[in-house]
**Q** 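Quick one: structure below, then a few questions.
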Amino acid sequence: MRKEIEIELNKKEEDGRDTGKKFKITEMPAYQMERWAIRALGAIGKSQAGGVMALASMGLQDVLNAFATADFEKTEPLMNELMECCYFIKGDTTVQLKKEFVDGVVEEWATLLRLKMEALKLNLGFLEQGDGLDTK
């Protein structure tokens with residue numbers, strides 16, 4: 001079963017017009033995540049010789065820094081793909097945040113960035129534990 005997290009925006013000064021909104025983030029399927037990781041390596045300029053393990057040897061902060069300094073044209077599709085992991089929850093209804101729908105739900109640009117970062121953390125969560133290669 002894929003991992004999921006729920007986020008409720010509740011800090012008025014930070015979340016602005018999106019305060020009170022709830023979102024669910026679901027982990028990508030393994031095959032999709034593997035392809036995403038390989039494309040990410042190319043976009044951030046890491047050698048693909050190490051394959052996915054090169055990404056696994058980076059810390060989460062390293063990945064975020066690499067995305068911030070990489071060519072936006074290469075990273076934008078990857079960041080947009082992270083939105084496929086994000087859903088809006090209102091009552092008993094859950095709706096995927098697709099491009100044509102997102103502006104009708106999310107009002108703050110910072111909310112979009114936060115959702116993408118949370119999706120990145122969920123999908124690459126093993127990076128928060130160190131180099132990702134520790135077998136202890």
**Q** Using 0.5 Å steps for rounding, measure from the OG1 atom of Thr75 to the CZ atom of Phe67.
**A** 6.5 Å
**Q** Where do Glu27 and Met1 land on the side-chain contact (heavy atoms from CB on, under 4.5 Å) test, with the steps shown first?
**A** CA-CA 9 Å; Glu27 184 179 36; Met1 180 181 282; over 6 Å; no
**Q** Please give me the minimum heavy-atom distance between Cys85 and Met28, naming the atom from each residue.
**A** SG-CG, 3.6 Å
**Q** If you look at every heavy atom in Leu124 and Met33, which pair is closest and at what distance?
**A**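 Heavy atoms only, the tightest pair is CD2-CE, 3.4 Å.
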**Q** Run the side-chain contact (heavy atoms from CB on, under 4.5 Å) check on Leu97 and Glu84 step by step: do they pass?
**A** CA-CA 7 Å; Leu97 289 177; Glu84 294 177 15; over 6 Å; no
**Q** Tell me, yes or no, whether the heavy-atom count around Lys74 atom NZ, taken from other residues, nucleotides or ligands under 6.0 Å, exceeds 12.
**A**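 Check fails, neighbour count at 12 or below.
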**Q** Would you confirm whether Arg2, through its side chain, and Thr26, through its main-chain N or O, come within 3.5 Å as a donor-acceptor pair?
**A**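 Checked: no pair found.
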**Q** Linking I/L/V/M/F/W/Y whenever their side-chain heavy atoms sit closer than 4.5 Å, directly or via other members, would Met79 and Trp109 fall into one cluster?
**A**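 Same hydrophobic cluster.
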**Q** Test side-chain contact (heavy atoms from CB on, under 4.5 Å) on Ile5 and Lys121 and set out the steps.
**A** CA-CA 11 Å; Ile5 59 170; Lys121 284 194 275 186; over 6 Å; no
**Q** Under 4.5 Å between any side-chain heavy atoms of Lys21 and Glu107, yes or no?
**A**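 Answer yes - side chains close enough.
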**Q** Hey, quick one: are Val95 and Ile89 part of the same hydrophobic cluster, counting side-chain heavy atoms closer than 4.5 Å, chains of contacts allowed?
**A** no
**Q** Please evaluate residues Leu115 and Phe23 with respect to the criterion side-chain contact (heavy atoms from CB on, under 4.5 Å), reporting the C-alpha separation (whole Å), side-chain torsions for both, the decisive distance (0.1 Å), and the verdict.
**A** CA-CA 8 Å; Leu115 291 171; Phe23 299 92; 3.8 Å; yes
**Q** Please check: side-chain N/O of Glu4 versus main-chain N/O of Ile25, any donor-acceptor pairing under 3.5 Å?
**A**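 A pair under 3.5 Å: no.
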**Q** Compare every heavy atom of Phe101 with every heavy atom of Gln96, then report the nearest pair and how far apart it is.
**A** O-CD2, 3.7 Å
**Q** Begin from the C-alpha positions of Arg17 and Glu108 and carry the test salt bridge (Lys or Arg N to Asp or Glu O under 4.0 Å) through to its verdict.
**A** CA-CA 7 Å; Arg17 294 169 287 179; Glu108 302 285 350; 2.9 Å; yes
**Q** Please answer: with hydrophobic residues joined when any side-chain heavy atoms are less than 4.5 Å apart, are Ile7 and Val102 in the same cluster?
**A** yes
**Q** Got a second to check how far Thr94's OG1 is from Lys22's NZ, nearest 0.5 Å?
**A**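 Taking OG1 in Thr94 and NZ in Lys22, the distance rounds to 9.0 Å.
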**Q** What pair of heavy atoms forms the shortest contact from Ala43 to Leu78, and how long is it?
**A** CB-CD1, 3.7 Å
**Q** Check whether Trp36 reaches the backbone of Glu81 with its side chain - one donor and one acceptor, N or O, closer than 3.5 Å.
**A** no
**Q** Quick check: closest heavy atoms across Arg114 and Leu9, and the distance to 0.1 Å?
**A** NH1-CD2, 2.9 Å
**Q** At their closest point, which heavy atom of Met83 faces which heavy atom of Leu112, and how far apart are they?
**A**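 So the two residues come closest at CE-CD2, 3.8 Å.
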